Each structure stands twice: as structure tokens, then as C-alpha cells.
Amino acid sequence: MANDYGQQSTLSYNKYLRVADLIGLQDCRSDPQHHDELLFITIHQAYELWFKQILHEIDAAISLMGDGRLAAAARAMQRVVEIEKLLIPQIHILETMTPISFLGFRDQLNPASGFQSMQFREIEFASGQKHENILNEFRADEFAYGRLQKRFSSETLGDAFYAALRARGFDAPAVVESYDEQKRKEAYGKRARAVLEVLTHFEDRYEEFQLAEALLEHDEYFSLWRSHHIKMVERMVGTKRGTGGSEGVGYLKATLDKKFFPELWEARTYLDTRHGGAGCPFAGHKETGDTESR
Ligand code: HEM
């Protein structure tokens with residue numbers, strides 16, 4: 001592109017990454033500016049950037065599963081997991097802020113809260129945790145509501161995974177909300193048994209296995225993030241009510257039991273070497289030395 005003097009403006013690091021725009025996006029609200037507010041904003045904005053990347057990978061994984069490319073979908077989910085691993089220690093940078101220092105600008109945030117993070121909810125919805133009451137919380141925010149509505153009615157990671165298993169011959173029925181309790185239980189049991197089959201014969205079903213493990217890890221690390229966030233919140237504000245209006249730590253603790261893929265967890269309970277799989281990954285591999293006599 002030519003500039004005002006007819007010269008070609010060459011690309012640079014700062015131009016490509018729009019660094020000037022990026023470092024101009026941290027609007028502190030405290031006046032006079034509180035030293036720690038910049039950290040608070042930076043951490044949240046860094047989370048939102050990573051949430052964007054996670055959604056990008058989840059969308060890719062869903063599409064790849066639809067094309068039957070399970071190994072590539074597993075790679076996308078493994079990237080999601082690596083990002084989530086990074087997001088956990090990021091919480092602890094906030095703990096270098098003292099509780100009294102946080103209270104120095106906390107009131108300026110009211111009534112904003114992480115509870116309103118659109119992209120966090122998009123990740124939950126795309127992972128199968130869709131709640132209409134959460135969607136309705138965003139009604140006043142046209143942009144967020146539009147995106148969340150779309151996610152609410154879109155295929156989830158779980159939908160795509162079980163459809164991919166069906167395409168490969170497994171009896172793994174779809175989740176159908178309109179089913180009665182009994183039919184839902186039956187379908188759930190079949191999905192768990194399909195996973196059991198994958199876990200048992202993981203060498204023959206390696207692509208399905210890798211994908212199932214990456215999905216489970218996504219569930220695991222998301223939940224670990226929740227635990228670390230709760231501990232940090234308690235350390236920072238005790239059991240004070242949240243700026244978003246919830247009862248605070250008590251509310252957050254109730255979210256800990258959320259599972260994206262319950263069938264993947266449940267299958268472990270019923271896993272048994274009698275199902276015909278190799279069982280121990282090292283079965284058939286003769287140990288050497290004195291390990292047998294231990
Ligand atoms: C000093 C730091 C922080 C405090 C004291 C804090 C406190 C809270 C509280 C009390 C809630 C419950 C909702 C409410 O009533 O507000 C909440 C929810 C939430 N926070 Fe934080 N938070 C902090 C940092 C963060 C960071 C860095 C993130 C990263 C994005 C984050 C993301 C969230 C999310 C996503 C929720 C909703 C969780 C759910 O409903 O499952 N928070 N936070």
C-alpha cells in the first residue's frame with residue numbers, strides 16, 4: 001500500500017501486530033490511577049485473547065470431526081489443552097496483588113464481572129454446557145447475545161464426537177433433548193459403552209482414543225481453572241458477594257461439578273480387562289530384572 005508520499009509502506013512487527021492499538025486498549029478507571037489496575041485489565045484481556053484462540057480451535061475440531069479427520073481434530077484439541085494449561089498459572093499472577101490493594105479499585109468495576117465473559121460462555125456452550133438462564137443474562141448486550149444464541153443452537157464438541165463414532169460403526173446415539181428420561185438414560189449408556197470400547201481397544205482405535213483423551217483433558221483443565229480461580233477469589237475477597245451480584249465463592253463452588261463429557265468419565269468406572277482389551281498398556285511386554293518378584 002502506498003503512503004501520502006507515494007512510497008510503499010513496508011510492513012513491520014508493530015504494524016503487523018497493531019501494537020499501538022493493542023497497548024492503547026487498557027483503560028484504567030481508578031482516578032488517580034491505581035498501580036495494580038493495569039495488571040487486572042491486562043490479565044483479563046490476555047484471557048480473552050486466548051479464549052478467542054480456543055474457540056478457533058474448537059470450531060476447527062468440530063468441522064474436522066464432521067469430515068472424519070479425527071487425528072487432525074485431536075491435534076486441535078491438544079492445542080486447546082496446552083492453552084488451558086497456560087491459563088491456570090496466569091491466575092496466580094493476580095495473587096501478587098494484595099487484597100487491600102484490590103479493594104483500592106474494586107468498586108470501580110461494579111457491576112462488571114467475569115461472569116459476563118461472552119467468550120467463556122461460548123466455550124462452555126460449544127463444549128456442551130448450554131444453559132438458557134446464562135444465555136438470558138446477555139439479553140441486554142446485543143453483540144454477545146447474538147454470538148451466544150448462535151452457539152446455543154450449534155453443534156457441540158460432544159455432538160460431533162459421537163457422530164464421528166457412529167460414522168465409524170459405533171452405537172453412540174446423539175443427545176436428543178426431547179427424549180424422555182428413560183430414552184435419555186439408554187442413549188447415555190450406549191455412548192458410555194462406545195467410549196468403553198475405544199478405551200479397551202485403544203491400539204486398534206487409536207485415532208478415536210487420542211481424540212477422546214484430548215476432549216477429556218479439555219474438560220479436566222477447564223475444571224482445574226475453575227478450582228484455581230475459586231481459591232484466588234477466596235484469598236482476595238473471602239466470602240464477599242461478587243461484583244456480578246452472585247454470592248461469590250459459594251456460587252463458584254457450585255460450578256465445580258460441571259462436566260462437559262460425562263460419558264468419557266463414566267466409562268472409566270466400568271473399564272475392566274475382561275472386556276477383551278490388552279488392559280495394561282504394557283501387556284505382552286516382558287519386564288526384565290527383579291520387578292516380577294516385587
Ligand atoms: C481479583 C480477581 C478476581 C476476583 C476477585 C474474581 C471474582 C469472581 C466472582 C466473585 C465471581 C462470581 C460472579 C460474581 O458475582 O461476580 C467470578 C466469576 C467469574 N470470573 Fe472471576 N474474579 C477474578 C478474576 C478473574 C479472572 C482473571 C478471570 C479470567 C477471565 C475471571 C473469570 C471469571 C469467570 C469466567 C466467572 C464466571 C464463572 C462461572 O459462572 O462459572 N475472573 N469471579
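One-based numbering, in listed order, for ligands and for the atoms of each. As a basis for the values below, the full set of heavy atoms in this structure was taken, side chains included, without hydrogen atoms, waters or symmetry mates. Computed from a predicted model, the values in this text were never measured in an experiment. Along the sequence shown, residues are numbered consecutively beginning with 1.
Shown in contact with Gly244 at under 4.0 Å from a heavy atom are these atoms of ligand 1, numbered in order with element: 14 (C), 15 (O), 16 (O). The ligand atoms of ligand 1 that sit less than 4.0 angstrom from a heavy atom of Ile43 are 27 (C).
Of all the listed residues (Phe102, Phe120, Phe40, Tyr47), Phe120 holds the heavy atom that lies closest to atom 35 (C) of ligand 1. The heavy atom nearest to atom 40 (O) of ligand 1, out of those in Tyr251, Phe222, Trp225, Trp50, is found in Tyr251. Relative to atom 6 (C) of ligand 1, the option among Val233, Asp36, Ile91 with the closest non-hydrogen atom is Val233. Between atom 12 (C) of ligand 1 and the options Gly242, Ser246, Gly248, Gly250, the minimum heavy-atom separation is to Ser246.
Side chains of Glu82 and Gln78: no donor on one and acceptor on the other come within 3.5 Å. With hydrogens and angles left out, the side-chain atoms of Arg184 and Tyr179 include no donor and acceptor closer than 3.5 Å. In this structure, a donor-acceptor pair under 3.5 Å is present between the side chains of Glu95 and His92.
Here's the thing with His229: one of its N/O atoms is less than 3.5 angstrom from an N/O atom of ligand 1. Close N/O approach between Met236 and ligand 1 is not found [any backbone or side-chain N/O within under 3.5 Å]. On a distance-only criterion, Glu124 and ligand 1 share no N/O pair closer than 3.5 Å.
Looking at atom 33 (C) of ligand 1, its nearest protein heavy atom turns out to be Gly114 CA, 3.5 Å. For atom 26 (C) of ligand 1, the closest non-hydrogen atom of the protein is His44 NE2, 3.1 Å. Atom 41 (O) of ligand 1 has as its closest protein heavy atom Arg226 NH1, 3.1 Å. The nearest protein atom to atom 38 (C) of ligand 1, hydrogens excluded, is given as Leu252 CD2, 3.9 Å; this is a heavy-atom distance. Given atom 16 (O) of ligand 1, the protein heavy atom at minimum distance is Ser113 OG, 2.7 Å.
Residue Lys130 qualifies as enclosed at atom NZ: its count of foreign heavy atoms under 6.0 Å is above 12.
Contact annotation: Met232 has at least one heavy atom less than 4.0 Å from an atom of ligand 1.
The distance between the ring centers of Tyr16 and Tyr13 does not fall below 6.0 angstrom. For Tyr47 and Phe120, the distance between ring centers is not under 6.0 angstrom. For Tyr162 and Phe261, the gap between ring centers reaches or exceeds 6.0 Å.
In this structure, Arg191 is not positioned above the aromatic face of Phe170 in the sense of NZ or CZ being under 6.0 Å from the six-membered ring centre and within 45° of the axis.
Under a 3.5 Å cut-off, the side chain of Thr156 and the backbone N or O of Asp159 do form a donor-acceptor pair.
By the criterion of a heavy-atom distance under 4.0 Å, the side chain of Arg121, and not its backbone, is placed next to ligand 1.
Classified by interplanar angle (parallel below 30°, tilted 30° to 60°, perpendicular above 60°), the ring pair Phe222/Phe260 is tilted.
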